Enquirer: 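One structure coming up, written as structure tokens, with questions to follow.
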Number of protein chains: 2
Amino acid sequence: MSPARTDHDARRHDVSEAVWRVLAEHGFAGLTLRAVAGAMGASTGLVTHYFGGKRELVAHALDILETRTQRRPRLKAPAPGLAALRTHVLNILPLTPEGMATNRVWVCSWDIALSDPVLFAAQTSRYERIRADLRAAIDDARRLGELVTGADADDLAATTLSFTHGLVVQALFAPETFPPARLTRLADDFLAATFGGSCPGSAPGHEPRSGQ
Amino acid sequence: MSPARTDHDARRHDVSEAVWRVLAEHGFAGLTLRAVAGAMGASTGLVTHYFGGKRELVAHALDILETRTQRRPRLKAPAPGLAALRTHVLNILPLTPEGMATNRVWVCSWDIALSDPVLFAAQTSRYERIRADLRAAIDDARRLGELVTGADADDLAATTLSFTHGLVVQALFAPETFPPARLTRLADDFLAATFGGSCPGSAPGHEPRSGQ
DNA sequence: GTACATACCGAACGTTTGTTATGTACTTCG
DNA sequence: CGAAGTACATAACAAACGTTCGGTATGTAC
């Protein structure tokens, strides 16, 4: 009644890994069941065995995407407030090859997400969650007295996410123009101008622009 | 030797219009020759008669996209410098249904553009052109003494485009959360914080945040 | 050992894709 | 009025797609 000679969840994860590899290389336009099966040296029967269909496969791939972005152990927030906000931003930016792949898939997913109602809703709520995280850090910063601006926290969160994702897109299309060092500098400049005191003399000893 | 009973270019434009309609509704994933033909009440033979194939069709559609974005007569720059920069940003943002459709197609095109080398290069150069335009406005602003910050003009152009396109994506996924009024306010706040004096007392009589 | 459920392959199914070929209506030229 | 060439519909085509299914191997349960 319970023959479980293989770890079901582990195998499912293997399939998702293959989905990931295909997605990072050919985008959603090149995501087919056969391509996934081929990427893991298996047959399409295996893929359909663990996933009901392509729709379910895509949905799970996007879930993995979020999980990767969140659990990526790249940076830990060194302190609450502005430092945590900066960590959030840097964790999203494509600073590593893995982050590059993640963002590539993320951007590619927008095509189908905009057309499919289910994926659209999922993506929308994902954005709300990210903005909520950013907002929490911003609220902490305000509580800590780190903020100069009096702008609305929701607006600031939206603006921060705007800058971050827009920078991601540009970096994807011109990796050599936006190396990690420049991405970090742009992010720091943005954060300084938006939150910290870019005002001369308002926050001494805190250079907003590091040398080129 | 020259029977031209229909305007070839006009018909080509009609096809591109149909491409546009399909793209705005179903994204690039739903762009097929039959869908295009159906959208203009014609047959696939007509489509292939005016375009060599799908590749050519997509390329032309992306050209149209750029043309629309540039020639959109929404706003004229009232003055050089910061005002022109603001106009640039507002012209990109999805402030109208048409701008919504334009940006939707734009975002959807990233999927295939990231996988296709030719489209990738085209998209990359498109971004460089936009950044060059923004940079020109920023240089003007600096020449006019409108800039408080001393940051690099290229960095500022990249940051501005980042913010703008990231905001576009968020607005596409949550139109009711980002109505035109809020988009405009966010843009003005961003520009004020990044370029103008968000420093209290540095630019009197120029409120960076308009009331909700 | 027998029964049964899972894991997976391999092939087939029908549909949809891009592309190509054929045929017809029409307009212009000589 | 033919001749010729364009404009377009219609249909056929192979390839690739998502999905379904029978078959086989392998494990646990009784």
Side-chain angles (χ1 to χ4, degrees), chain A residues 1-23 25-62 108-109 111-113 115-119, chain B residues 1-19 21-23 25-62 108-109 111-113 115-116 118-119:
Chain A
M1 209 228 247
S2 56
R5 82 170 183 280
T6 61
D7 189 345
H8 196 87
D9 289 346
R11 219 90 181 95
R12 246 178 93 96
H13 184 265
D14 288 347
V15 176
S16 280
E17 283 270 335
V19 169
W20 195 264
R21 251 170 285 141
V22 173
L23 240 43
E25 192 163 356
H26 301 102
F28 271 88
L31 179 68
T32 67
L33 295 191
R34 285 166 231 271
V36 173
M40 64 188 298
S43 65
T44 67
L46 186 145
V47 179
T48 59
H49 181 68
Y50 288 99
F51 291 93
K54 186 177 184 179
R55 167 68 50 89
E56 198 175 320
L57 210 149
V58 170
H60 193 256
L62 292 184
C108 286
S109 75
D111 180 22
I112 52 170
S115 298
D116 186 293
V118 176
L119 298 179
Chain B
M1 211 228 245
S2 57
R5 80 172 186 278
T6 61
D7 188 345
H8 197 87
D9 289 347
R11 220 90 181 93
R12 245 179 94 97
H13 185 264
D14 289 347
V15 177
S16 280
E17 283 270 335
V19 169
R21 252 170 285 142
V22 173
L23 241 41
E25 192 164 357
H26 302 101
F28 272 89
L31 180 68
T32 66
L33 295 190
R34 285 168 233 272
V36 172
M40 64 187 299
S43 65
T44 67
L46 185 146
V47 180
T48 59
H49 181 69
Y50 288 99
F51 290 94
K54 185 175 184 179
R55 167 66 50 88
E56 198 176 321
L57 209 149
V58 169
H60 194 257
L62 292 184
C108 286
S109 75
D111 180 22
I112 52 171
S115 298
D116 187 293
V118 176
L119 298 179

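Proteins come first, then strands; the chains are lettered A, B, ... in the order of their sequence lines, and each starts at number 1. What you see is a predicted model, and the numbers here were worked out from it, not measured in a lab.
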Enquirer: Can you tell me if the side-chain N/O atoms of A:His49 get under 4.0 Å from OP1 or OP2 in C:dC8?
Expert: no

Enquirer: Before accepting this row, confirm whether a basic side-chain N of the pair B:Arg11/B:Asp14 lies closer than 4.0 Å to the acidic partner's carboxylate O.
Expert: yes

Enquirer: Please confirm whether the shortest side-chain N or O distance from B:Arg55 to OP1 or OP2 of C:dG18 is below 4.0 Å.
Expert: no

Enquirer: Nearest-Å distance, CZ (B:Phe51) to P (D:dC8)?
Expert: 13 Å

Enquirer: Whole angstrom is fine here: how far is it from CG in B:Leu31 over to C1' in C:dT16?
Expert: 14 Å

Enquirer: Would you indicate whether A:Arg55, at its atom CZ, is surrounded by more than 12 heavy atoms from other residues, nucleotides or ligands within a distance under 6.0 Å?
Expert: no

Enquirer: Please determine whether a side-chain nitrogen or oxygen atom of A:His8 lies at a distance below 4.0 Å from atom OP1 or OP2 of C:dA7.
Expert: yes

Enquirer: Starting at CG of A:Leu46 and ending at C1' of D:dT24, how long is that distance when rounded to a whole Å?
Expert: 15 Å

Enquirer: Could you state the atom-to-atom distance from CZ of A:Arg11 to P of D:dT26 in whole Å?
Expert: 15 Å

Enquirer: Taking the nucleotide of DNA chain D with the nearest heavy atom to each, does A:Thr48 or A:Gly30 sit closer to the 5' end?
Expert: A:Gly30

Enquirer: Rounded to the nearest 0.5 Å, what separates atom NE2 in A:His13 from atom CH2 in A:Trp20?
Expert: 10.0 Å

Enquirer: Under 4.0 angstrom, heavy atoms only, what part of the nucleic acid is A:Gly53 near: base, sugar-phosphate, or nothing?
Expert: sugar-phosphate

Enquirer: Rounding to a whole Å, what distance do you find between A:Tyr50:OH and C:dC9:P?
Expert: 9 Å

Enquirer: Rounding to an integer number of Å, can you tell me how far B:Arg34 CZ sits from D:dT10 C1'?
Expert: 12 Å

Enquirer: Counting distance only, does the side-chain N/O of A:Asp111 pair as donor-acceptor with the main-chain N or O of B:Gly27 below 3.5 Å?
Expert: no

Enquirer: State, to 0.1 Å, how close B:Gly30 and B:Ala35 come at their nearest heavy-atom pair, and which atoms those are.
Expert: O-CB, 3.9 Å

Enquirer: Taking any heavy-atom pair under 4.0 Å as a contact, classify A:Thr32: base, sugar-phosphate, or nothing.
Expert: sugar-phosphate

Enquirer: Return no unless some side-chain N or O of B:Ser43 is found under 4.0 Å from OP1 or OP2 of D:dT10.
Expert: no

Enquirer: I want to verify a distance call: between D:dA7, C:dC9, C:dT20, whose nearest atom is closest to the B:Thr44 side chain?
Expert: C:dT20

Enquirer: Hunt down the Watson-Crick or G-U wobble partner of D:dC30, both distances under 3.5 Å, from any strand shown, or write none.
Expert: C:dG1

Enquirer: Can you check the B:His26 NE2 to C:dT16 C1' distance for me, whole Å?
Expert: 15 Å

Enquirer: Rounded off to whole Å, could you give me the CG-to-P distance for the A:Asp9 and C:dA7 pair?
Expert: 11 Å

